[in-house]
Student: 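The structure is given below, and queries will be raised subsequently.
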Amino acid sequence: MSDCIFCKIANGEIPSATLYEDDDFRVILDLGPASKGHALILPKSHAANIYELPEELAGKAMILAKKMAGKMTEVLKCDGFNIVQNNGEIAGQTVFHFHMHLIPRYEGDQVKLGWTPGTLTDEVRDELLEKLK
Ligand code: AMP
Ligand code: ZN
């Protein structure tokens, strides 16, 4: 993808604050951090979203997320950790190259992630079980 900014960053064509790199991924600091240490896992090959991401890379991305979460928690001494991954504009995706947010959480921080819990009715539960199970 010649016009994809995360392709260029992941492959080193645009400089970035890189925390980690291997053959498949680059982990960079987010330029608009939700909290101190907010980082992004970028695959080096282009996939717009989780639907396009090959299974093998999806597996490797989760293993890398676990490793980064462990290291960042140890070093930054954060109190918790969110891993966020948005797909589609409605879900908050603004850069259409798959990425995982690594967001350290600190007591008293101002990070807002969340929703108002609804109610799982019997009807909807049954419908979803029928369609998705
Ligand atoms: P999303 O809304 O899930 O697509 O996340 C996109 C993220 O990329 C946001 O948190 C932005 O702050 C971040 N971002 C956008 N451009 C850059 C860039 N050039 N370098 C680092 N982070 C970026
Ligand atoms: Zn890309």
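Computed from a prediction, not measured in an experiment: that's the story for all the values here. Both ligands and their constituent atoms are indexed starting at 1 by order of listing. All values below were derived from every heavy atom in this structure, side-chain atoms included, with hydrogens, water molecules and symmetry-related copies excluded.
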Student: Tell me every residue that passes side chain to side chain donor-acceptor pair (under 3.5 Å) with Thr18, counting only those two or more places apart in sequence or in another chain.
Tutor: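 By the side chain to side chain donor-acceptor pair (under 3.5 Å) rule, Thr18 matches Ser16, Arg26.
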Student: Between Gln85 and ligand 1, which residue portion shows a heavy-atom distance shorter than 4.0 Å: side chain, backbone, both, or neither?
Tutor: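 Gln85 to ligand 1: no contact under 4.0 Å from either part.
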Student: May I ask you to check whether Leu40 has an N/O atom sitting below 3.5 Å from an N/O atom of ligand 1?
Tutor: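 No.
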Student: Using a strict cut-off of less than 4.0 Å between a Lys/Arg side-chain nitrogen and an Asp/Glu carboxylate oxygen, indicate whether Lys60 and Asp24 qualify as a salt bridge.
Tutor: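 Asp24 and Lys60: salt-bridged.
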Student: Taking the side chain as every heavy atom from C-beta outward, state whether Asp79 and Arg105 have any atom pair closer than 4.5 Å.
Tutor: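 They are not in contact (no side-chain heavy atoms under 4.5 Å apart), so the answer is no.
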Student: State the atoms of ligand 1, each with its element, that fall below the 4.0 Å cut-off from a heavy-atom position in His101.
Tutor: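 Result: 1 (P), 3 (O), 5 (O), 7 (C), 10 (O).
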Student: In ligand 1, which numbered atoms sit nearer than 4.0 Å to a non-hydrogen atom of His99?
Tutor: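 Those of ligand 1 that fall under 4.0 Å from His99 are 1 (P), 3 (O), 4 (O), 5 (O), 6 (C).
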Student: Below 4.5 Å, heavy atoms only, C-beta onward: do Phe96 and Asn49 meet side chain to side chain?
Tutor: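 No - every pair of side-chain heavy atoms lies 4.5 Å or more apart.
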Student: Does any N or O atom in His38 lie less than 3.5 angstrom from one in ligand 1, N or O only?
Tutor: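 Between His38 and ligand 1, no N or O pair is found under 3.5 Å apart.
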Student: Give a yes/no on ligand 1: does Ile9 have at least one heavy atom closer than 4.0 angstrom to it?
Tutor: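 Ile9: in contact with ligand 1 (<4.0 Å).
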Student: How about CD1 on Ile90, more than 12 heavy atoms from neighbouring residues, nucleotides or ligands closer than 6.0 Å, or not?
Tutor: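 Open.
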Student: In Å and rounded to the nearest 0.5 Å, what is the CD1 to CD distance from Ile50 to Gln85?
Tutor: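 That separation rounds to 5.0 Å.
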Student: Can you tell me how the ring of His99 sits relative to the ring of Phe6, calling it parallel under 30°, perpendicular over 60° and tilted otherwise?
Tutor: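 Perpendicular: the ring planes of His99 and Phe6 meet at over 60°.
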Student: If you measure from each heavy atom of Ser16 to ligand 1, is any distance below 4.0 Å?
Tutor: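 Judged by the 4.0 Å heavy-atom criterion, Ser16 does not count as contacting ligand 1.
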Student: Looking only at distance, does Gln93 have an N or O less than 3.5 Å from an N or O of ligand 1?
Tutor: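 N/O-N/O distance below 3.5 Å does not exist for this pair.
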Student: Would you check the N or O atoms of Leu29, main chain and side chain alike, for any that come under 3.5 Å of an N or O of ligand 1?
Tutor: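 The answer is no, given that Leu29 and ligand 1 share no N or O pair closer than 3.5 Å.
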Student: Using a 4.0 Å cut-off to any heavy atom of Ile28, which atoms of ligand 1 qualify?
Tutor: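 Heavy-atom distances to Ile28 below 4.0 Å select 21 (C).
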Student: Output yes when the distance from some N or O of ligand 1 to some N or O of Phe6 is under 3.5 Å, and no in every other case.
Tutor: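 Phe6 vs ligand 1: no N/O contact under 3.5 Å.
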Student: Considering the Zn ion (ligand 2), could you give the total of protein N/O/S atoms lying closer than 2.8 Å?
Tutor: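 N, O or S atoms of the protein closer than 2.8 Å: 4.
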Student: Between Leu31 and ligand 1, which part of the residue brings a heavy atom under 4.0 Å of the ligand: side chain, backbone, both or neither?
Tutor: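 Contact part for Leu31 vs ligand 1: both backbone and side chain.
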Student: Please indicate whether Glu13 has more than 12 foreign heavy atoms, meaning atoms of other residues, nucleotides or ligands, lying under 6.0 Å from its CD.
Tutor: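 More than 12 heavy atoms, drawn from other residues, nucleotides or ligands, come within 6.0 Å of this atom.
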